[in-house]
Each structure stands twice: as structure tokens, then as C-alpha cells.
Amino acid sequence: MEKSSPCLRNSPPRLSASDFSTWAYKTIEDDDLKFPLIYGEGKKARVMATIGVTRGLGDHDLKVHDSNIYIKPFLSSAPEVRIYDLSKYEHGADDVLILATDGLWDVLSNEEVAEAITQFLPNCDPDDPHRYTLAAQDLVMRARGVLKDRGWRISNDRLGSGDDISVYVIPLVHGNKLS
């Protein structure tokens, strides 16, 4: 008698992308096909008032409910790519790249993040190996905010992020060794 793995014996059936080709929550209306095609902001942003912008990147066959309109032409999985040649510039210990999830970017602007880093890093010992980790933690705390009677709040009493927040502060100074 052949032994079967206990992990596989009671496992649910596997599903493929084709099993999910036509699900959505909204019937398309003529107004949904007019600009803007993306409604809302942050976590509430929806393409054609149907699917979250980031959730639809792999759904090639996704159609708007009760229609033959594919959502794919309105989404792109092609990223915006910018090339920054590290070897062309001399970088200091405070020159960094911020790589973060939408939990940060939904509530803080590029300018707010740059200002926070510009204020934080000069107050750290340049030889401290944890300074970039501490800077990332500072950005996470700024995006989460503080708990008040009306929920998590950041500066100017704006809503803090309710999303997961991952932040990397990557020093560019090591690029100096490339030239």
C-alpha cells in the first residue's frame, strides 16, 4: 500500500487563475467608462469602480460583472522604471533611497518623507550601523501615527495608515566604491 503525505491527503483542491476570470462586485454603468477610470484614494482606489488598483495586476481575464468589458486594458503590470547610476555621483552618509509599501506612501508624501529623513539622519552617529534601521522605524511610526479617540492620527490630524507598513532606508554611500 502506498503511503500518502498527511499534508496532501486533506488538502483543498488547487485553483488556477482561470477559476477566477469573471468575479467582481459591481455592475458596470456608462458613467464608469468615463474619466477618471480610477476612483478614490489609497486603499479605496478602484479601477472602473470595481477592483482595487494593485489587486488587479495579475487578473488578465478579469471582466466587469455582467459585461464583456475586460479590466486589463486599464491596468498595467509594467512598472515605472528610473535608472540612477550610482557611480556618477559622490554620496554622503545621509544620501539614501527609501523603498516602502503603500502603507507609507498612502499617508505621507515624497516631500514629507524626504523632510523626515533629512531631519533624522543628521542626528544619528554616522558610524552607527543601525542608523538606517532607526530611520526606517521612524518613518513607520510617522505613517502609523498616534492612537487618539478618533483612531490613528498623523500630523495635521490626518488619518494614519491602517495598512501594513514596510520601509527600507538604503544608504547610497556604498555606490561610491563602484567608480
Side-chain angles (χ1 to χ4, degrees), residues 17 20 25 34-60 62 71-179:
F20 299 100
Y25 294 104
K34 296 179 184 172
F35 288 101
L37 294 176
I38 298 176
Y39 300 89
E41 294 180 21
K43 299 279 286 181
K44 295 184 180 183
R46 296 282 178 263
V47 175
M48 299 173 66
T50 300
I51 188 169
V53 175
T54 58
R55 301 288 183 231
L57 297 180
D59 293 331
H60 299 282
L62 182 66
I71 290 184
K72 188 63 182 173
F74 302 100
L75 296 173
S76 171
S77 59
E80 176 183 335
V81 176
R82 296 182 187 198
I83 297 173
Y84 179 84
D85 188 348
L86 290 173
S87 64
K88 286 188 175 182
Y89 304 95
E90 193 69 23
H91 299 94
D94 293 348
D95 294 327
V96 296
L97 169 70
I98 308 297
L99 182 64
T101 61
D102 60 341
L104 177 78
W105 303 116
D106 283 348
V107 296
L108 297 176
S109 68
N110 292 345
E111 293 76 18
E112 289 171 309
V113 170
E115 182 180 339
I117 287 293
T118 302
Q119 291 173 359
F120 187 90
L121 287 177
N123 293 316
C124 294
D125 177 3
D127 296 324
D128 182 353
H130 305 291
R131 69 192 302 251
Y132 303 110
T133 301
L134 294 170
Q137 289 173 344
D138 180 65
L139 288 174
V140 169
M141 296 307 295
R142 287 173 186 261
R144 177 69 67 222
V146 294
L147 187 58
K148 295 187 176 179
D149 59 337
R150 295 176 308 153
W152 292 92
R153 298 288 171 176
I154 62 174
S155 62
N156 298 330
D157 205 35
R158 296 177 295 169
L159 213 56
S161 180
D163 202 351
D164 61 313
I165 309 167
S166 298
V167 178
Y168 294 92
V169 177
I170 304 166
L172 298 180
V173 69
H174 303 295
N176 294 343
K177 298 175 186 170
L178 297 175
S179 40

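Computed from a predicted structure; not experimentally measured.
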- Message: Quick test of your reading of the model: are R142 and E115 salt-bridged, counting only N-O distances below 4.0 Å?
- Response: no
- Query: What closest approach, in Å, do A143 and L104 show between heavy atoms, and which atom pair accounts for it?
  - Reply: CB-CD1, 3.8 Å
- Note on the structure: So CD1 of I154 and NZ of K148: to nearest 0.5 Å the spacing works out to 10.5 Å
- Query: If you measure from CG on D102 to CG on D164, what distance do you get to the nearest 0.5 Å?
  - Reply: 6.5 Å
- Might you confirm whether atom OH of Y132 has over 12 heavy atoms from other residues, nucleotides or ligands at distances under 6.0 Å? yes
- Message: Working note: V113 + W105, criterion side chain to side chain contact (heavy atoms under 4.5 Å, CB included); need CA distance, chi angles, decisive distance, verdict.
- Response: CA-CA 9 Å; V113 170; W105 303 116; 3.6 Å; yes
- Item | Side chain R158, main chain S155, donor-acceptor under 3.5 Å | yes
- Item | Minimal non-hydrogen separation, G160 against V107, with atom names | C-CG1, 4.0 Å
- Measure across E112 and L108 and return the closest heavy-atom pair with its distance rounded to 0.1 Å. OE1-CA, 3.3 Å
- Are S161 and D106 close enough that some pair of their side-chain heavy atoms sits under 4.5 Å apart? no
- Message: With a 4.0 Å cut-off on N to O distance, would you call R131 and D138 a salt bridge?
- Response: no
- Query: Counting only N and O atoms by type, is there a donor-acceptor contact under 3.5 Å from the side chain of N123 to the main-chain atoms of Q119?
  - Reply: yes
- Message: Are Y84 and H91, when compared by the centres of their aromatic rings, separated by less than 6.0 Å?
- Response: yes
- Could you tell me whether the side chain of L134 reaches within less than 4.5 Å of the side chain of F120, counting heavy atoms only? yes
- Find the distance between CD (E111) and OG1 (T118) and round it off to the nearest 0.5 Å. 11.5 Å
- Message: For I117, run the side-chain contact (heavy atoms from CB on, under 4.5 Å) check against V169, D94, D95 and tell me which one passes.
- Response: V169
- Residue pair G103 / D163: nearest heavy atoms and the distance that separates them: CA-CB, 3.9 Å
